[in-house]
Amino acid sequence: MAVSGAEKDGIKTEDENLNNSFGHPNLISPDREEDITRLLTVPFSGRISGGMRPGKKIIVMGIVDPEPESFDISLTCGRGVAEEQPADDPIPYFPFIQDQPFRIEIHCEHQRFRIFVDGHQLFDFYHKVSSLPAIDTIRINGSLQITKLG
């Protein structure tokens, strides 16, 4: 699955010496097995450089566990959770399949986050925080393996 146009402001982990995929400096995809285990282990927490702002995009690529229970991706203000609620529209389908890869894109717009899974828009979250740059951390938990993050 090719990744293009990675956002110039990336996700930072504690190790700044990462090799990336397709020449994008902020798409984390370590070369060595020990780097993957150490840096993209779930639960994962990473800093979003400069926080969120309209036009910024976060990409999470991974594989759903063979026997999944659940997983979540949270954008937080430091240690606290930025509580966002999805729009009232029902989710048209459940896009995740056990033991299969996926690509989630979180697009930040002026009034909402738009969530895409494998190129298809899934739902929107409307902002409830007054300062988007305060949303500076991404946390990922649950039944998945992270393969790339940017």
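Position 1 is the first residue of the sequence, and the numbers go up from there.
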Given side chain to side chain contact (heavy atoms under 4.5 Å, CB included), test Ile59 with Arg103 step by step and report yes or no.
-> CA-CA 7 Å; Ile59 299 171; Arg103 176 187 171 118; 3.3 Å; yes

Transitively linked via ILVMFWY side-chain contacts under 4.5 Å: Ile63 with Val42?
->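 Different clusters.
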
Given the rule in the side chain to side chain contact (heavy atoms under 4.5 Å, CB included) test, do Ile106 and Leu75 qualify, once you have shown the distances and angles that lead to the verdict?
-> CA-CA 10 Å; Ile106 303 170; Leu75 300 180; 4.1 Å; yes

When you compare the side chain of [Y] with that of [X], does any pair of heavy atoms fall below 4.5 Å?
X: Val129; Y: Ile135; result: yes
X: Ile138; Y: Ile58; result: yes
X: Ile140; Y: Val60; result: yes
X: Leu144; Y: Pro68; result: no

Taking Lys56 for the side chain and Gly51 for the main chain, is one N or O donor matched with an acceptor at less than 3.5 Å?
-> yes

Would you say Ser143's side chain and Asp65's backbone share a donor-acceptor pair under 3.5 angstrom?
-> no

CD1 (Ile48) and OG1 (Thr76) are apart, to the nearest 0.5 Å, by 7.0 Å

Euclidean distance, Lys57 NZ relative to Cys108 SG, rounded to 0.5 Å | 13.0 Å

Nearest heavy atoms of Asn141 and Pro43, plus distance in Å = OD1-CB, 2.8 Å

Which heavy atom of Cys77 sits nearest a heavy atom of Asp136, and at what distance?
-> C-OD1, 3.7 Å

Could you go through the side chain to side chain contact (heavy atoms under 4.5 Å, CB included) check for Thr147 and Met61 one step at a time?
-> CA-CA 6 Å; Thr147 57; Met61 295 174 70; 3.7 Å; yes

For Arg139 and Ser74, test the side chains for any donor-to-acceptor distance below 3.5 angstrom and give the result as yes or no.
-> no

Please list, chain by chain and in numerical order, all residues satisfying ring pair (Phe, Tyr, Trp, His ring centres under 6.0 Å) with Phe116, sequence neighbours excluded.
-> His107

What pairs with Glu109 under side chain to side chain contact (heavy atoms under 4.5 Å, CB included), at least two apart in sequence or on another chain?
-> Arg112, Arg114

Can you list the residues that meet the side chain to side chain contact (heavy atoms under 4.5 Å, CB included) rule with Pro133, with sequence neighbours excluded?
-> Ser131

All side chain to side chain donor-acceptor pair (under 3.5 Å) counterparts of Gln121, not counting sequence neighbours =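 With sequence neighbours excluded, Gln121 shows a side chain to side chain donor-acceptor pair (under 3.5 Å) to Asp124, given in chain and number order.
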
Got a sec, which pairs hit ring-ring contact (aromatic ring centres under 6.0 Å, His included) with one end in residues 45-78, sequence neighbours left out?
-> Phe71-Phe96, Phe71-Phe102

Criterion side chain to side chain contact (heavy atoms under 4.5 Å, CB included) on Ile104 and Ile73, from CA distance to verdict | CA-CA 10 Å; Ile104 297 173; Ile73 299 172; 3.5 Å; yes

